[in-house]
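Values below: all heavy atoms of this structure, side chains included; hydrogens, waters and symmetry mates excluded. When a ligand or atom number is given, it counts from 1 through the structure's own listing order.
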Amino acid sequence: MNNQERTFIMVKPDGVQRRLVGKIIQRFEDRGFKLVALKFVAPDQGLLTQHYADLKERPFFPSLLKYVSSGPVAAMVWEGKDAVKTGRVMLGETNPLASKPGTIRGDFAIDVGRNVIHGSDSVDSANREISLWFQPQELVNWNTNDHGWVYE
Ligand code: IDP
Ligand code: MG
């Protein structure tokens with residue numbers, strides 16, 4: 001298993017507006033994942049069209065783009081063992097009503113069109129999404145010894 005697997009996680013505009021960013025970061029930190037990138041972005045239609053390219057033909061695509069471009073999002077990269085699959089388990093199901101309590105969508109959402117958070121669904125899509133949203137120099141390398149951090 002890859003201890004340095006990375007996944008792209010994004011708190012969508014409804015999650016930002018509802019002040020859920022801190023709680024969501026806390027869940028990933030508590031679980032043991034490392035935050036390697038974090039930024040606030042107001043995504044435009046072009047970026048979102050690339051991000052959701054596989055959903056372009058779906059009937060809800062226009063409303064999805066309108067929803068996710070309706071305000072700032074918190075874009076993050078989390079690293080750790082099985083980060084992609086475990087991240088998806090922590091999110092819950094796409095439809096919040098099908099999500100178990102204890103998951104992010106199961107605890108904070110009821111509407112598929114306002115489901116608070118995105119998480120990569122495979123290692124390949126994680127790599128694609130990370131390079132779409134972040135420059136390489138925006139990703140921290142936790143594994144070098146030259147940070148000069150006081151607490152190792
Ligand atoms: P995921 O976010 O759980 O990976 P996807 O199937 O990749 O789910 O869909 C991306 C996003 O599109 C969902 O998170 C949700 O916001 C939205 N979406 C998916 N299915 C529907 C639908 O049937 N109606 C409205 N929005 C949907
Ligand atoms: Mg998806």
Q: Could you tell me whether a side-chain N or O of R6 sits under 3.5 Å from a main-chain N or O of A83, the two making a donor and an acceptor?
A: no
Q. Does D14 reach the main-chain N or O of V116 with its side chain, forming a donor-acceptor pair under 3.5 Å?
A. yes
Q | Option whose closest heavy atom lies nearest to atom 4 (O) of ligand 1, chosen from R88, H118, R105, R58 | A | R88
Q. Hey, does L55 sit under 4.0 Å from ligand 1 if you only count heavy atoms?
A. yes
Q) Among side-chain atoms of E93 and S99, is any donor-acceptor pair under 3.5 angstrom? A) no
(Q) Can you see whether K81 engages N2 through a side-chain donor-acceptor pair at a distance of less than 3.5 angstrom? (A) no
Q: Please could you name the atoms of ligand 1 that Y52 approaches to less than 4.0 Å, counting only its heavy atoms?
A: 10 (C)
Name the closest protein heavy atom to [atom], giving the residue it belongs to and the distance to 0.1 Å.
| atom | value |
| --- | --- |
| atom 24 (N) of ligand 1 | V112 CG1, 3.7 Å |
| atom 18 (N) of ligand 1 | F60 CE1, 3.4 Å |
| atom 1 (P) of ligand 1 | T94 OG1, 3.5 Å |
| atom 11 (C) of ligand 1 | L64 CD1, 3.8 Å |
| atom 16 (O) of ligand 1 | K12 NZ, 3.1 Å |

Q. Ligand 1 versus N115, non-hydrogen atoms closer than 4.0 Å: side chain, backbone, both, neither?
A. side chain
Q: Identify the heavy atoms of A37 and E138 that sit nearest to each other, and give their distance.
A: CB-O, 3.6 Å
Q) Is K66 atom NZ crowded by more than 12 heavy atoms from other residues, nucleotides or ligands, each under 6.0 Å away? A) no
Q: For atom CD of Q17, decide whether the heavy atoms of other residues, nucleotides or ligands shown that lie under 6.0 angstrom number more than 12.
A: no
